[in-house]
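Every chain is numbered from 1 and lettered A, B, ... according to where its sequence line falls, protein lines coming before strand lines.
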2 protein chains.
Amino acid sequence: MGTDSWIPPKVLVAVDLLIFTLRASQLQVLLVERGVEPFRGALALPGGFLNSSEEDLIDAAQRELAEETGLSWDQVRLDQLGVYGAPGRDPRGRVISVAYLAIMPRLPEPVAGTDAADAWWIPTHRALAPETSLAFDHRQILIDGVERARSQLEHSALATAFCGPMFTISELREVYEVVWDIRLDPRNFYRKVQSVPGFIEPAGPSRKTDKGRPARLFRPGPRQALDPPMTRPGERR
Amino acid sequence: MGTDSWIPPKVLVAVDLLIFTLRASQLQVLLVERGVEPFRGALALPGGFLNSSEEDLIDAAQRELAEETGLSWDQVRLDQLGVYGAPGRDPRGRVISVAYLAIMPRLPEPVAGTDAADAWWIPTHRALAPETSLAFDHRQILIDGVERARSQLEHSALATAFCGPMFTISELREVYEVVWDIRLDPRNFYRKVQSVPGFIEPAGPSRKTDKGRPARLFRPGPRQALDPPMTRPGERR
DNA sequence: TGAATAGTGTCTTTCAGACAGTATTAG
DNA sequence: CTAATACTGTCTGAAAGACACTATTCA
């Protein structure tokens, strides 16, 4: 349209990571303190620009994930959350950012990042509190990511990603209770979760201890899409 | 990391549109014939590059939508489907494409595009048939878009977007039947759809004619998220 | 022993699906 | 009238939620 001399603009492309985990019975997100302008000193999602014109987006996300957490490829599933590309979102110029969602199993240690001495787990409710200011449009990305995680618990086996390779049904129930911010009946949950084919599988006759009677251990099953879905109470009606 | 002289790469950004509608009891998608290389002569999704560094992504999508269909802003809802940015997807160089999903009401006329004498409605099953070749990775985008539309029918009021401002419950049912490719019991659907609060509202005492008894007219209700959701049969168990 | 958590059985309510039957139009 | 579609009523089976009960551990 118009003259032949028009040339489409090129823009910078970044990837940002929403890394969620469960700590202290809270949904927490990994945030870094920015060491450079803009937003120096503010909290932000870990991320960065593409390394080269040949780097795939998902590869860039996995590279950032490895840099921040030490976890690499096939240990953590990355889901594309969306693109954030409003013209004014980065004061340095036009940058569009592709956000990825990652879930990490509950870990007792702080972060254990490689070059991430400036990274912390922050409860999402605190990260989203009015007094916390996040760089760029990362507050909106975080809001969208929490909502995505909540939704994914219903229809996918995402919840098991919050647990280790072995877990009890109580631990799995805590994932739902924390992310959805509700209480679930342990007995109904117990049977419900086992009735979904392929969701979880018994993991040997082993057991585990905590406070009362030892619980059976399970591992994630083969199914990614849950059918029938886990129904979120309070959403109905 | 590394030297200070490293400069992140800039890439071209495109928007591509998945425009769906219902025609002849089929889910159809608007495709254009490419007039230039690469993929000259092949079918492709309508789309194009950002106009300028200051253009917002959604604005670019709406601009393309207006160019292809004449429909503008607030007439059609656009949902971001995702980013497609594999390094080799465009032979011209690195291009990442943001795909948007749009639903248009059923229209009797062909296309009525402005500059789109080379645009056609194609049934999705034909566009996805092995003998049809689509440019770039547009086949994958189409696959993802169809799946997104199917999923959205369950949890959102997207189905009403396929209808005009007034519709009968039979027309709404046809949307579900076509997109999900199933048959639904008209009587159960009739009550189910009215029991979801805010989904549809009676639109005056008016009526409409087709073949048998005239049907009441409805209009879209205020709710975007459906609760309880419409359940897709065949998905359960 | 009691406290705490794991796991089972069972009842009730709710809702999706099946389907008979009535209402209103065109021909 | 018949054919066709719109709409209503009712039954049934499956699943969600409530909750009593038993099992197994620790202190």
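Rounded to whole angstrom, the span from the CD atom of Gln194(B) across to the P atom of dA16(C) amounts to 14 Å. Between the CZ atom of Arg207(B) and the P atom of dA26(C) there is a distance of 12 Å, rounded to whole Å. If you take CZ of Arg213(A) and C1' of dT24(D), they are 5 Å apart, rounded to a whole angstrom. Atom pair Tyr176(A):OH and dA16(D):P shows a separation of 13 Å (rounding to whole Å applied).
Put simply, Arg216(A) has a side-chain N or O that comes within less than 4.0 Å of OP1 or OP2 on dG7(C).
The ring pair (Phe, Tyr, Trp, His ring centres under 6.0 Å) search around Phe20(A) returns none, not counting sequence neighbours. With sequence neighbours left out, Gln194(A) forms a side chain to side chain contact (heavy atoms under 4.5 Å, CB included) with Ile169(A), Tyr190(A), Ile200(A), Phe218(A). Under the ring pair (Phe, Tyr, Trp, His ring centres under 6.0 Å) criterion, Tyr84(A) pairs with no residue, sequence neighbours left out. Annotation: side chain to side chain contact (heavy atoms under 4.5 Å, CB included) contacts of Ser133(B) (sequence neighbours excluded): none. Residues meeting the ring pair (Phe, Tyr, Trp, His ring centres under 6.0 Å) test with Phe136(B), sequence neighbours left out: Phe39(B), His138(B). With sequence neighbours left out, Asp181(A) forms a side chain to side chain contact (heavy atoms under 4.5 Å, CB included) with Arg150(A). Remark: Arg148(A) pairs with Leu81(A), Leu101(A), Gln152(A) by the side chain to side chain contact (heavy atoms under 4.5 Å, CB included) rule, at least two apart or across chains.
Relative to the side chain of Pro214(A), the nucleotides dA16(D), dA23(C), dT25(D) differ in distance, and dT25(D) lies closest.
Near DNA chain C, defined here as any heavy-atom distance below 4.0 Å, the residues from residues 157-172 of chain A are Ser170(A), listed numerically. Of all the residues in residues 179-193 of chain B, Arg187(B), Tyr190(B), Arg191(B) reach under 4.0 Å from DNA chain D with at least one non-hydrogen atom.
Side-chain atoms of Thr21(A) come within 3.5 Å of backbone atoms of Pro105(A) as a donor-acceptor pair (strictly under, hydrogens ignored).
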